[in-house]
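Working notes for the structure below.
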Protein chains: 2
Amino acid sequence: MAEKEKIDKKEHLLNVAERVFGEMGYDGASTRLLAQEAGMNMAMLNYYFGSKDGLLKAVVERRMSSTRKEFEVIAHQDMPCWEKINQIVQLYVSRVATSKYFHKIIFREISVIRTGSEVTDFVLENLYQNVMLVHQVLAEGIQKGEFREVDIEMTVAGIFGTVNYLINSRRLASKILKMDLMDDQVLQEEMKPRLLAYLQDSLKTHLLKNETEK
Amino acid sequence: MAEKEKIDKKEHLLNVAERVFGEMGYDGASTRLLAQEAGMNMAMLNYYFGSKDGLLKAVVERRMSSTRKEFEVIAHQDMPCWEKINQIVQLYVSRVATSKYFHKIIFREISVIRTGSEVTDFVLENLYQNVMLVHQVLAEGIQKGEFREVDIEMTVAGIFGTVNYLINSRRLASKILKMDLMDDQVLQEEMKPRLLAYLQDSLKTHLLKNETEK
DNA sequence: GTTTATTAATCAATCGATTGATTAACTTTG
DNA sequence: CAAAGTTAATCAATCGATTGATTAATAAAC
């Protein structure tokens with residue numbers, strides 16, 4: 001039970017840190033606040049993760065690794081590229097919608113210069129891998145004649161950028177979409193399917209050739 | 001000449017602050033560093049702008065107001081909606097490409113909770129106004145039968161999100177596009193026209209109806 | 001009884017902000 | 001024109017508060 005509690009407590013701190021980092025940013029979240037929100041002594045933070053940066057690193061790493069594997073599985077399946085893109089987008093939106101704060105954290109991390117942290121490079125490399133998987137599927141689709149000859153890199157940026165925009169600036173997005181994206185239920189049941197529908201429509205018109213025959 | 005120097009110095013601090021805030025984030029940029037980078041005593045910061053937050057506010061306000069007016073001019077012109085969208089996108093990309101750090105700042109500002117700052121609400125309201133102008137043009141285009149019946153709000157998010165993604169995560173975008181977006185010349189002469197071409201192509205295929213007749 | 005977990009107290013460093021003094025530039029006065 | 005008065009600009013020094021991190025002492029677990 002001690003082992004269990006230890007793990008639970010560490011896990012609890014990770015969850016709290018993900019939220020607080022996401023809300024206030026890395027520099028905006030003090031170790032005292034992090035510990036207080038997690039209901040533990042602030043020395044425990046260093047005891048568990050060595051440093052504040054170590055805590056951020058742990059928060060980031062536990063989510064990034066798993067996601068890419070799922071991406072890879074889809075990308076290497078044997079199906080039409082249009083299907084692959086569809087599934088990848090679906091997975092990505094799902095991931096983003098369930099972990100509200102995580103994508104804020106990593107996007108902020110790669111947009112800021114924080115000297116002396118290894119986290120940025122880790123995030124950068126991981127995101128790049130994900131991007132390249134989508135890139136690969138698009139290239140394959142074009143090569144097979146399934147897709148129009150679009151600007152692959154920009155198309156990728158369009159997908160990730162759109163999702164990012166809606167998730168990372170949730171207050172603005174709430175005003176635009178006229179729905180409360182802070183509410184998890186609204187996010188899941190209204191915004192998510194709507195975003196998916198848009199991405200599918202947008203990608204379909206942009207990628208697929210005009211089926212003027214018939 | 002004294003008057004001139006005073007203004008120049010304030011302006012200089014604003015320029016430096018825009019860069020430093022953009023690079024390190026609000027909390028990451030200390031007033032000492034800001035003053036040092038601007039080559040002045042740190043008391044001048046408070047003398048000019050009252051507080052650190054006042055400096056950020058000044059940095060943000062001097063750019064936001066002017067941009068919206070230009071947006072409005074385009075939106076209210078008498079031309080096909082497709083032309084309007086084109087011009088707005090062109091203006092927006094131009095703006096973003098010339099002020100490298102500014103859009104990092106405002107996007108970060110609306111994605112973070114900073115208690116006791118009026119800046120967030122100001123940014124939020126301004127961005128919303130810009131978004132609504134695009135929204136209005138899209139709605140008009142649909143109503144006139146010029147555009148397909150797309151999800152307007154999502155389409156807007158797609159435009160702003162794509163540009164945002166490329167600008168705010170420039171290091172990642174540099175890896176993806178295989179060009180050095182830190183280099184201003186590359187940004188202007190290679191990335192900007194390419195982004196514009198993509199947005200036009202993407203919007204054209206998504207918004208315009210299939211001209212299969214004729 | 002030894003290892004592991006947890007605490008309160010404390011560390012040096014840095015934070016944003018303010019102070020009082022000094023300089024420079026312009027105005028007023030004689 | 002020159003002396004006296006006034007304002008704005010700039011500085012070094014320092015304020016109290018907070019930062020991330022560490023300690024030494026204690027409690028719990030095995």
Side-chain angles (χ1 to χ4, degrees), chain A residues 1-18 20-21 23-60 105 108-109 112-120, chain B residues 1-18 20-21 23-60 105 108-109 112-120:
Chain A
M1 195 179 86
E3 186 68 12
K4 171 93 177 306
E5 267 184 23
K6 191 191 82 180
I7 294 179
D8 279 355
K9 215 167 168 184
K10 247 177 122 166
E11 189 83 7
H12 177 59
L13 177 54
L14 282 174
N15 291 333
V16 169
E18 184 170 310
V20 178
F21 278 143
E23 285 176 344
M24 342 240 317
Y26 178 81
D27 290 307
S30 72
T31 53
R32 277 172 181 78
L33 178 65
L34 286 164
Q36 181 186 328
E37 291 279 304
M40 62 182 66
N41 192 284
M42 59 171 290
M44 295 308 291
L45 191 155
N46 297 83
Y47 181 71
Y48 285 144
F49 302 102
S51 67
K52 185 186 179 184
D53 193 63
L55 173 58
L56 176 68
K57 196 177 168 192
V59 166
V60 167
I105 295 175
R108 220 177 285 139
E109 187 64 21
V112 163
I113 296 176
R114 281 208 305 111
T115 44
S117 170
E118 327 147 18
V119 183
T120 307
Chain B
M1 196 179 85
E3 187 67 13
K4 172 99 175 303
E5 267 182 22
K6 189 193 83 178
I7 294 180
D8 279 356
K9 213 165 170 186
K10 244 177 126 168
E11 190 83 6
H12 176 61
L13 178 54
L14 282 174
N15 291 332
V16 169
E18 184 170 308
V20 178
F21 278 144
E23 285 176 345
M24 341 242 317
Y26 179 81
D27 290 307
S30 72
T31 53
R32 278 173 180 79
L33 178 65
L34 286 164
Q36 181 186 328
E37 292 277 304
M40 63 182 65
N41 192 282
M42 58 174 292
M44 295 309 294
L45 191 155
N46 297 84
Y47 181 71
Y48 285 143
F49 302 102
S51 67
K52 185 186 179 184
D53 193 64
L55 173 58
L56 176 69
K57 194 177 168 192
V59 166
V60 167
I105 295 175
R108 219 176 285 139
E109 187 63 22
V112 163
I113 296 176
R114 282 207 305 110
T115 44
S117 170
E118 326 148 19
V119 183
T120 307

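Letters A, B, ... mirror the listed sequences (proteins, then strands); counts begin at 1.
Among the protein residues, A:A35 comes within range of no part of the nucleic acid, since none of its heavy atoms lies under 4.0 Å from any strand. Using a 4.0 Å heavy-atom distance criterion, A:T31 is classed as a base contact.
Across the protein-nucleic acid pair, B:L13 atom CG and D:dA9 atom P stand 14 Å apart, rounded to whole Å. For the pair B:F21 CZ and C:dG16 C1', the computed distance is 11 Å after rounding to whole Å. Spacing between atom CG of B:D53 and atom P of C:dC15 amounts to 17 Å, rounded to whole angstrom units. We find that CG of A:D8 is positioned 17 Å from C1' of C:dT6, with the value rounded to whole Å. One can place CG of B:D27 at 17 Å from P of C:dT14, the figure rounded to the nearest angstrom. Taking atom CG of residue A:L45 and atom P of nucleotide D:dG20, one finds them 9 Å apart after rounding to whole Å. If you take CZ of A:F49 and C1' of C:dA5, they are 15 Å apart, rounded to a whole angstrom. Per the geometry, CE belonging to A:M44 stands 15 Å off P belonging to D:dA21, to the nearest Å.
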(message) Is there a side chain to side chain contact (heavy atoms under 4.5 Å, CB included) between B:M40 and B:V16? Walk through the geometry before answering.
(response) CA-CA 11 Å; B:M40 63 182 65; B:V16 169; over 6 Å; no
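The side-chain tip of B:K52 does not point at the ring of B:F21 from less than 6.0 angstrom away and within 45° of straight on.
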(request) Encode nucleotides 22-27 of chain D as B, S and - characters from 5' to 3', where the letter depends on protein heavy atoms closer than 4.0 Å: B to the base, S only to sugar-phosphate, - to neither. (result) B-----
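Of the side-chain N and O atoms in A:S30, one or more sit less than 4.0 angstrom from OP1 or OP2 of D:dT19. Phosphate proximity of D:dT10 to B:Y48: present, with a side-chain N or O under 4.0 Å from OP1 or OP2. Phosphate proximity of D:dT10 to B:Y47: absent, as no side-chain N or O sits under 4.0 Å from OP1 or OP2. Side-chain N/O atoms of B:K9 include one lying less than 4.0 angstrom from OP1 or OP2 on D:dT10.
Closest approach to the A:K52 side chain among D:dA21, C:dA17, D:dA9 is made by D:dA21 (side chain taken as heavy atoms from C-beta onward). Listed candidates were D:dT10, C:dT4, D:dG20. Nearest to the side chain of A:R32 is D:dG20.
The nearest heavy atom of DNA chain C to B:S51 and to A:M40 marks one nucleotide each, and the one closer to the 5' end goes with A:M40.
Side-chain atoms of B:Y26 come within 3.5 Å of backbone N or O of B:D53 as a donor-acceptor pair. A:Y48 places no side-chain N or O within 3.5 Å of a backbone atom of A:L55 that could act as its donor or acceptor partner.
In this structure, CG in A:L14 is found 13.5 Å from NZ in A:K9, a value given to the nearest 0.5 Å. Taking CE from A:M24 and OG from A:S30, the interatomic distance works out to 7.0 Å, rounded to the nearest 0.5 Å.
B:A17 and B:L34 get closest at one heavy-atom pair: CA-CD2, 3.8 Å.
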